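What follows is a set of notes on a single structure, which appears directly below.
Computation of the quantities below employed the complete heavy-atom set of this structure, encompassing side-chain atoms and omitting hydrogens, waters and symmetry-equivalent molecules. Quick caveat: nothing in here was measured; it's all calculated off a predicted structure. Note on naming: letters A, B, ... go to the chains in the order of the sequence lines (proteins, then strands), and numbering restarts at 1 for each one.
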Number of protein chains: 2
Amino acid sequence: MLKYQQIASEIQQDIEKDDLPQGTKLPVLETFMSKYKTSKSTVIKALSLLERKGLVYQVRGSGIFVRRRNRKGYISFSNQGFSDELSEFDITAKVMELDIRKPPEDVAFNLKIHPKEDVYYVRRIRYINGQTLCLEESYYNKSIVTYLNTEIATGSIFDYISNALGVKIGFSDLYFHIQKLNQEEAQQLQLKKGDPKLFVETIFYLNNGVPFDFSKVTYNYQQSQFFFQSTGHSL
Amino acid sequence: MLKYQQIASEIQQDIEKDDLPQGTKLPVLETFMSKYKTSKSTVIKALSLLERKGLVYQVRGSGIFVRRRNRKGYISFSNQGFSDELSEFDITAKVMELDIRKPPEDVAFNLKIHPKEDVYYVRRIRYINGQTLCLEESYYNKSIVTYLNTEIATGSIFDYISNALGVKIGFSDLYFHIQKLNQEEAQQLQLKKGDPKLFVETIFYLNNGVPFDFSKVTYNYQQSQFFFQSTGHSL
DNA sequence: TTGATAAATTATAACGGTATAATTATAATG
DNA sequence: CATTATAATTATACCGTTATAATTTATCAA
C-alpha cells in the first residue's frame, strides 16, 4: 500500500477506535509528520484522502476536525458507489440466473461492445438483515470478466473480479430513477404492484476507462435509506 | 481564483468548447506545464480537481482522458450536492411561506442549536421546465443567515448566502428515502396519494463545520432522474 | 471590560526536484 | 509472425522548501 494511503488508514483507525466525536481536533500536521516520519506533502495527501471519504474536514488556519454522520441504519454510498462499509449490515444474495448470452441493444451500447460479443448475465436477489434489499441484473463483458459461477455470484462479485482476476476497477456512472413496481418485481420483493422503487442503472469502468459491467438494480423502498456525504468545492 | 483552479477551469472550457468525445487523450503534463507556465504539482492538482468533478480520468503510464456522461435529461448531483450545472434546465421557484420561528426538535438537533433560538423557515415549490420538481422546507440558523426575504428566496438562496452574506459553505450530509406521497404532498405536486417520492434530508455546514441549513425536500418522481459519477478509490 | 491591533498558529498553495510504477512502443528472438 | 525482452513514455509518489491566507491567541489602548 502507498505511504499516504497507509497513513490515512491508520488515522482512520485511530478515529474509529477512540470513537472521536464530531468536531474533535486532530493533531497538527507537524505531529503527523514526525509520527509517521514523512514529509508535509504526504501528510496533506493522506488527510485530503480522509476528507474526500467524509471522515474529516480541514479548516485553514485552524486545524483538522473529525466529521461524523449522526444517523444509524443508513446504507452509505461513497464515491466508490455503494457497498463500502456494509459490514454494519448482514448482506446476502441468492442467484436466480447465471449464463452466457448475447447482450440486448442497450447493454451492448453501454458496454461499448458489439451485440454478438458474449456477456455474463447474472440475476440476483440481495437481502439485508434477512429482508429483500434489491433485484439486480448485471451484464459483464466476458472478454474482461472471463469466468463466473453461481458460487462466486453468491458472494461479492467485485471482490472476485479485483482479487482473483486481477482487474483494476476504476470509476462508475450512476443513473437514478424513482418509479413504480410492476407485478413481477413486486412479487420478487414481496411488495405490491405500484409501490415505489428506486431504480439505478450503473456502468462500471476499469481504471483505463473500459466499461466492463452494466447493471440494473431495483431497490425495495422500505430498505432504501441511503446516506451520502458531499465535500467542499475546492478539495 | 487559485492558480490550479484557474487552470482546471480553462481545461474544462477547452473540453466543452471543442466537445471532445469520451476517451480523447489530453496533452501530456509537460505540455500543460509550459502552456500555463507552472510547476508539475500545480498541473497535477488542476487535473485531480477535474477528475473529482468527473470530467477526466487519469491512467498512470498512459495519459489523461476525457470522461463524458452519455445521457441527457438527468439532473446531475456532484459532490457539491445538486444544482451544479443546472443551466441545462429551467429552474424556478415559488415561495409558499417565509418567516422567523422557533425550530422543531429535529431541526434544532440537526442544526445543533437550542430550540428557543430563531431560525428562518422557507417553504418553496420548485419547478423544472414548467413542471413541479419538488417541495422544499428549509430551516436556516438565523445567527448565520441573518436576513432573508421572499425576493431572495425566489432565486437561489445559496448564491445569496455565499455572495451577499460572505458566508463560506463547506460540506453537507444527505439522507435519502423512498416513500409514498401523502394527500397534501400529492396535491401540491399534482400527483396522486400513494405515488412514489424521493425524500431527502440535508444538513449543510459552513467550511468551519457549523451547520447552518437543514432542509427536507420531496421530489416529484416523474422528474426524478439523477446522475452521479463516482471516482476511483485512490485519488 | 471592551474593542481594536498585532503576533502566533495553522493549513494550503506553489515551486521544483528525484524516484517509482504502469503503460506503450520498440527491438530482439525464436 | 508471434512472443518476449527492452526501452521510452507517462503519470504518480514522495521529499523539502518558501510563500500565503485564514484563524486563533495575545497584546495593547481606550
query: Can B:Arg71 be said to sit on top of A:Tyr175's aromatic six-ring, NZ or CZ under 6.0 Å from centre and within 45° of the ring axis?
result: yes
Which pairs would a plain distance check flag for residues 102-111 of chain A, meaning a side-chain donor or acceptor within less than 3.5 Å of a matching protein atom at least two apart in sequence or in another chain?
{"residue": "A:Lys102", "atom": "NZ", "partner": "A:Lys116", "partner atom": "O", "Å": "3.2"}
{"residue": "A:Lys102", "atom": "NZ", "partner": "A:Asp118", "partner atom": "OD1", "Å": "2.8"}
{"residue": "A:Asp106", "atom": "OD2", "partner": "A:Lys216", "partner atom": "NZ", "Å": "2.8"}
{"residue": "A:Asn110", "atom": "ND2", "partner": "A:Asp106", "partner atom": "O", "Å": "2.9"}

Between A:Thr38 and B:Pro27, whichever has its closest DNA chain D nucleotide further toward 5' is B:Pro27
Once base and sugar-phosphate atoms are separated, protein heavy atoms under 4.0 Å mark nucleotides 22-27 of chain D, 5' to 3', with B, S and - as BBS---
Tell me the interatomic distance from [X], atom [atom1], to [N], atom [atom2], rounded to whole angstroms.
X       : N      : atom1 : atom2 : result
A:Leu29 : C:dT12 : CG    : P     : 7 Å
A:Lys45 : D:dC14 : NZ    : C1'   : 8 Å
A:Tyr57 : C:dT12 : OH    : C1'   : 18 Å
B:Phe32 : D:dT12 : CZ    : P     : 12 Å
B:Met33 : D:dT12 : CE    : C1'   : 14 Å
A:Gln5  : D:dT12 : CD    : C1'   : 11 Å
A:Phe65 : C:dT9  : CZ    : P     : 16 Å
A:Lys37 : D:dG16 : NZ    : P     : 13 Å

Taking atom types as modelled, find out whether [X] and [Y] have a side-chain donor-acceptor pair closer than 3.5 angstrom.
X        : Y        : value
A:Ser215 : A:Asp213 : no
B:Gln12  : B:Lys53  : yes
A:Ser230 : B:Ser172 : yes

Minimal heavy-atom distance between A:Leu55 and A:Ile15, with the atoms involved, is CD2-CD1, 4.4 Å
For B:Arg101, the side chain to side chain contact (heavy atoms under 4.5 Å, CB included) test, sequence neighbours excluded, returns B:Glu97, B:Asp99, B:Val119, B:Tyr121
A:Ser156 meets the side chain to side chain contact (heavy atoms under 4.5 Å, CB included) criterion, sequence neighbours left out, with A:Phe158, A:Asp159
Describe the nucleic acid contact of [X] in one word from base, sugar-phosphate, nothing, applying a heavy-atom distance below 4.0 Å.
X       : answer
A:Ile44 : base
B:Lys40 : base
B:Ser41 : base

Per atom distances to the B:Gln58 side chain, the nearest of C:dT12, D:dT12, D:dG16 is D:dT12
Ignoring backbone atoms, establish whether [X] has a side-chain N or O less than 4.0 Å from OP1 or OP2 of [N].
X       : N      : result
B:Tyr4  : C:dA13 : yes
B:Lys3  : C:dC15 : yes
A:Thr42 : D:dC15 : yes

Note: contacts of residues 6-15 of chain B with DNA chain D (heavy atom, under 4.0 Å) are none
The complete set of ring pair (Phe, Tyr, Trp, His ring centres under 6.0 Å) pairs with one or both residues in residues 47-68 of chain A, sequence neighbours excluded, reads A:Tyr57-A:Phe65, A:Tyr57-B:Phe171
Rounded to the nearest 0.5 angstrom, the CD-CD distance for A:Gln5 and A:Glu10 is 12.5 Å
